[in-house]
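Everything on this sheet refers to the single structure shown next.
Remember, it's a predicted structure, so these values are computed and weren't measured experimentally. Ligands are counted one by one from 1 in listed order, and the atoms in each one are counted from 1 as well.
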Amino acid sequence: MGFPAERPRRLRRTRLIRELVRETELLPSDFIAPFFVKEGIAEPVAIPSMPGHHQHTLDTLLGAVEEVAKAGVRAVILFGIPASKDGEGRGAFHPEGIIQRALRRLKAAFGEDLLLIADLCLCEYTDHGHCGVLRDGKVDNDRTLEIYARIAVSQAEAGADVVAPSGMMDGQVGAIRKALDEAGFAETLILAYAAKYASSFYGPFREAAEGAPRFGDRRPYQMDPGNAAEALREVRLDVEEGADLVMVKPALAYLDVLRKVKETFGLPTAAYNVSGEYAMVKAAAERGWVEPRLATLEILTSIKRAGADLILTYHALEASRWLQEGGW
Ligand code: PBG
């Protein structure tokens, strides 16, 4: 065939035709909306590098979650910021900890209408800001697993439907699965941050979650950006250890990895459109350098097209509203 019989432009002529043949379509139910909740504040605190986002109080969290739920989002992921930190991150598994209280509040308010995901890590809770406990100034993998197991059970008890370990300790999914099962939470899901890279795009998040490492960096536990085969190994281990959903993080600089993970394992796969990716769009939009609505929908579409079934994104609320208004 070929030209003139083949005229691909016929399929692009009008909005109606374009919508009819679009291969990848975003839905509000693709999104998981992240929220920060902080202990000991009376008013929400705006996060300067993440316009539109706040460290919430328990009360304002409820309203903000209601807003995204109204826009069609069905899942949220919560990050807690405790009032005080210690070497072991004890606030992460305290029954009256900020995340446990937030989970109970949201579960009581939304019941089965909203999926509650709890990020499971120590960096917001330790005074040194690392994702695990230390021994001789280094993160002690296996002792950290014992603490992750306690956090998982306390989050499930508080109402988490899903726990999402993000610390990149070896064996974390297996340790958490075992602890959940033994505590009677066989139905609690695990969303594994399986391939999480040591990325420069987490900067705004670390300000928001007050979880930056006080010394060193996370390169001894998070993945090297050069590696894709290693991502498959990480995902395989998490699947073998019992992960229900797997995640690639960040999204945009790792779309190739996302595609490989989806094609190799075929599991429900999430991608985290991280804070730095969000901040870049907002910063450029503020300067008038990109059109925010089109740029955002294009970025989110690219992540879904690459293989994501679910997208964790700070754009969840605005993107859902744009989609409800007709999208592009
Ligand atoms: C840490 C955690 C991080 C993010 C999610 N969980 C930061 C880090 O690893 O330093 C980053 C999310 C984002 O940048 O949006 N447990």
Side-chain angles (χ1 to χ4, degrees), residues 31-37 47-55 76-82 85 89 91-93 98-99 117-126 128-133 139 141 144-145 147-148 151-152 155 160 162-169 172-173 176 190-225 234 246-254 270-283 296 299-300 303 308 310-317:
F31 304 141
I32 296 172
F35 287 97
F36 302 97
V37 56
I47 304 162
S49 55
M50 299 172 70
H53 286 273
H54 297 81
Q55 295 176 324
V76 298
I77 182 164
L78 303 180
F79 298 91
I81 306 143
K85 303 173 189 248
F93 54 82
I98 184 65
I99 207 73
I117 307 175
D119 183 80
L120 195 167
C121 196
L122 279 178
C123 56
E124 300 94 350
Y125 298 90
T126 51
H128 45 73
H130 279 288
C131 301
V133 293
V139 172
N141 190 93
T144 299
L145 296 184
I147 299 179
Y148 283 5
I151 303 174
Q155 291 178 340
V162 184
V163 298
S166 63
M168 288 301 280
M169 296 301 123
Q172 62 185 12
V173 172
I176 288 167
I190 299 178
L191 164 59
Y193 284 69
K196 176 173 175 179
Y197 287 86
S199 171
S200 60
F201 295 108
Y202 305 152
F205 173 95
R206 291 184 187 168
E207 178 189 0
E210 302 178 13
R214 298 295 142 83
F215 66 90
D217 56 43
R218 302 212 204 288
R219 281 181 288 192
Y221 41 104
Q222 298 181 345
M223 284 181 56
D224 187 283
E234 283 282 3
V246 293
M247 193 201 298
V248 174
K249 176 188 176 186
L252 293 181
Y254 301 91
Y272 202 141
N273 177 215
V274 298
S275 58
E277 298 172 337
Y278 176 82
M280 287 195 295
V281 173
K282 293 298 172 193
T296 300
I299 283 171
L300 295 172
I303 297 170
L310 299 163
I311 306 171
L312 292 83
T313 178
Y314 303 97
H315 295 292
L317 176 62

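Close approach of ligand 1 to Lys196 (heavy-atom distance below 4.0 Å) involves ligand atoms 1 (C), 2 (C), 3 (C), 6 (N), 8 (C), 9 (O), 16 (N). Heavy-atom proximity to Tyr272, at under 4.0 Å, picks out these atoms of ligand 1: 12 (C), 15 (O). Within ligand 1, counting atoms from 1 as listed, the ones closer than 4.0 Å to a heavy atom of Cys121 are 16 (N). Proximity to Gln222 (heavy-atom distance under 4.0 Å) selects the following atoms of ligand 1: 8 (C), 9 (O). Close approach of ligand 1 to Tyr314 (heavy-atom distance below 4.0 Å) involves ligand atoms 12 (C), 13 (C), 15 (O). Against a heavy-atom cut-off of under 4.0 Å, Cys123 is close to the following atoms of ligand 1: 1 (C), 16 (N).
For the pair Lys196 and Tyr202, the distance from NZ or CZ to the six-membered ring centre is under 6.0 Å and the angle to the ring normal is within 45 degrees.
Asn141 and Tyr221 share no side-chain donor-acceptor pair at under 3.5 Å.
With respect to atom 11 (C) of ligand 1, the closest heavy atom belonging to the protein is Lys249 NZ, 2.8 Å. For atom 14 (O) of ligand 1, the nearest protein heavy atom (residue, atom name, distance) is Ser275 OG, 2.7 Å. Among protein heavy atoms, the minimum distance from atom 16 (N) of ligand 1 is reached at Ser166 OG, 2.9 Å.
Side chains of Pro48 and Glu207 form a contact here, defined as non-hydrogen atoms less than 4.5 Å apart. Residues Arg219 and Asp224 fail the side-chain proximity criterion, which asks for heavy atoms closer than 4.5 Å.
Compare Glu277, Arg218, Met50 by their heavy atoms: the one nearest to atom 8 (C) of ligand 1 is in Arg218.
When every heavy atom of Tyr125 is checked against every heavy atom of Pro82, the shortest pair comes out as CD2-CG, 3.5 Å.
Taken from CE in Met247 to CD1 in Ile311, the straight-line distance is 12.0 Å, to the nearest 0.5 Å.
By the 30° and 60° cut-offs, the orientation of the rings of Tyr272 relative to Phe79 is tilted.
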